[in-house]
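Structure first, then comments.
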Number of protein chains: 2
Amino acid sequence: MSKRSGILEFAVLGLLRESPMHGYELRKRLNTSLGVFRAFSYGTLYPCLKTLVTQGWLIEETAADTDPSAAPLAGRRAKIVYRLTAAGKEHFEELLAHSGPDAWEDEHFAARFAFFGQTSKDVRMRVLEGRRSRLEERLEKMRASLARTRERLDDYTLELQRHGMESVEREVRWLNELIETERAGRSERPATGRDHNDNNQENGGRPGDRGTA
Amino acid sequence: MSKRSGILEFAVLGLLRESPMHGYELRKRLNTSLGVFRAFSYGTLYPCLKTLVTQGWLIEETAADTDPSAAPLAGRRAKIVYRLTAAGKEHFEELLAHSGPDAWEDEHFAARFAFFGQTSKDVRMRVLEGRRSRLEERLEKMRASLARTRERLDDYTLELQRHGMESVEREVRWLNELIETERAGRSERPATGRDHNDNNQENGGRPGDRGTA
DNA sequence: AATTTCATGTAATTCGTTACATGATTCC
DNA sequence: GGAATCATGTAACGAATTACATGAAATT
């Protein structure tokens, strides 16, 4: 039953794909590395982990399970470590391959983008372009509504609209850069197969960089 | 019982302060003029209106109530028009005067800003400055977390962080401009007394403008 | 020894949406 | 007279939070 929000499930699966973790640590990663934009509480995370286990995508391990002798040595006792199962990995690849319209909504998009490192190039392109046209649509609406109501609005409301539109325009420019860069050459790297540690280093800079050209 | 979200209640009260409206229209204003950032559905709005009536802040009027003869003439029949009561007006002024820490969270802030036209200068200042330090706090955390984890992150995650930080920095600059402008001289206009239609025109441009100086 | 941080969970509650149900009014 | 838009509502559900409850490990 239920969807478990998509976004949280997706992010959890993605983070656990990199390495097994327990809930507490997972939550921190969700809120820092990944989640500049989104914070989840324990009351959300723990029940979600339980259902993911139920669905066979994760397994719980106590530290002793894997290495009974080494467990006490490790820095700090990890009570329950969650590890991605084969089925979970498969499920995550599927989610990664989908690029439906939900994928270009604000938070959903950010989550997708955060795992672009594991995403194939064509999906990356579809998501970036989908996001862009979503924003352009939004801009159109904003412009139209602004044209209709301009006179009736006071300075502050107007300024709020203006600033909001500028933010959206700025994100469109950002997407344009990213799309250009993707077009220019980043290698394929389908998300399957090789270990995730061979991070693509064939382009050293940040995705937006076009090198020294 | 209950808080009714603060933000929706606040916005409804604020919009109705300008002029009476029925639910359908209210919702449109919420989602265009005011809500570049936030959309509410009928399933949220109508129940909310009901509780506001219960609390005595609004009264329902059928078009015939106020002017039985003129009602049929008006462009389109308005089924239930909501009007702010004296108590509701008072309550809104109170909300307007509060500048607690909730007021500088993302959506809450936007709602507050949208009604700055009715807000006294000192409260405006407190809200703007509160918002700014809230964002600066957030920037600090982001910088710290970035410094801690920089090496472990792949290009895309890094780029996402970078773009997120830039967005926040940009909003801080925006706030700086607004604060400067406020300091420079916009008149007091306490939210009570005179009719809301004498919108302050002593400064013609948008709030961020510093005129021709 | 006490405090902080790590760690896991549950119950009640809040906020809001979707889908449904209904009907009037305007435009073609 | 049929479609689109205006207009009002409700019931079921969804997603996530807060407050609570508990306890172990590390730090001072």
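Below, chains carry the letters A, B, ... as their sequence lines are ordered, and counting in each starts from 1. Treat the numbers as computed from the prediction; the structure is a model and nothing was measured. Side chains included, hydrogens not; waters and symmetry mates left out as well; all remaining heavy atoms used.
- Atom OH of A:Tyr46 and atom P of C:dC6 are 12 Å apart (whole Å).
- Residues satisfying the salt bridge (Lys or Arg N to Asp or Glu O under 4.0 Å) criterion with B:Arg143, sequence neighbours excluded, are B:Glu140, B:Glu169.
- Atom CD1 of A:Ile7 and atom P of D:dG14 are 18 Å apart (whole Å).
- Looking at the side chain of B:Lys79, the nearest of the listed nucleotides D:dT8, C:dG16, C:dT8 is D:dT8.
- Partners of B:Tyr46 according to the ring pair (Phe, Tyr, Trp, His ring centres under 6.0 Å) rule, which considers only residues two or more places apart in sequence or in another chain, are B:Tyr42.
- Here the side chain of B:Tyr82 is nearest to one of D:dA7, D:dG9, C:dC6, namely D:dG9.
- Residues A:Thr51 and A:Thr54 bring no donor and acceptor atom of their side chains to less than 3.5 Å of each other.
- Here D:dG9 presents its C1' atom at 14 Å from OH of B:Tyr24, a figure rounded to the nearest Å.
- Distance NE2 (A:His22) to C1' (C:dT5): 12 Å, rounded to an integer number of Å.
- Taking the side chain as every heavy atom from C-beta outward, B:Leu58 and B:Thr85 never approach each other to under 4.5 Å.
- The nearest whole Å value for the distance from the CG atom in A:Leu30 to the C1' atom in D:dA16 is 13 Å.
- Taking atom CG of A:Leu49 as the reference point, atom C1' of C:dT10 lies 15 Å away to the nearest angstrom.
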Please write out the pairs of protein N or O atoms and N or O atoms of nucleotides 17-21 of chain C separated by less than 3.5 Å, giving the distance to one decimal.
unit_1 : atom_1 : unit_2  : atom_2 : d
C:dT17 : OP1    : B:Ala39 : O      : 2.6
C:dT17 : OP2    : B:Ser41 : N      : 3.2
C:dT17 : OP2    : B:Ser41 : OG     : 2.9
C:dT17 : OP2    : B:Thr44 : OG1    : 2.4

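- Listed pair A:Lys50 / C:dG9 meets the phosphate criterion, a side-chain N or O lying under 4.0 Å from OP1 or OP2.
- For the pair A:Leu58 CG and C:dT8 P, the computed distance is 13 Å after rounding to whole Å.
- By the ring pair (Phe, Tyr, Trp, His ring centres under 6.0 Å) test, B:Phe115 pairs with B:Phe10, B:Phe92, sequence neighbours left out.
- A search for side-chain hydrogen bond (donor to acceptor under 3.5 Å, both in side chains) contacts involving B:His91 returns B:Glu9, not counting sequence neighbours.
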Distance-only donor-acceptor hits, side chain of residues 126-133 of chain A, under 3.5 Å, sequence neighbours excluded:
unit_1   : atom_1 : unit_2   : atom_2 : d
A:Arg126 : NH1    : A:Ser99  : OG     : 3.2
A:Arg126 : NH2    : A:Asp122 : OD2    : 3.3
A:Glu129 : OE2    : A:Arg183 : NH2    : 2.8
A:Arg131 : NE     : A:Glu171 : OE2    : 2.9
A:Arg131 : NH1    : A:Trp104 : O      : 2.9
A:Arg131 : NH1    : A:Asp106 : OD1    : 3.2
A:Arg131 : NH2    : A:Asp106 : OD1    : 3.0
A:Arg131 : NH2    : A:Glu171 : OE1    : 3.3
A:Arg131 : NH2    : A:Glu171 : OE2    : 3.0
A:Arg132 : NH1    : A:Asn176 : OD1    : 2.7
A:Ser133 : OG     : A:Glu129 : O      : 3.3
A:Ser133 : OG     : A:Gly130 : O      : 3.2

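- Spacing between atom CZ of A:Arg27 and atom P of C:dG9 amounts to 15 Å, rounded to whole angstrom units.
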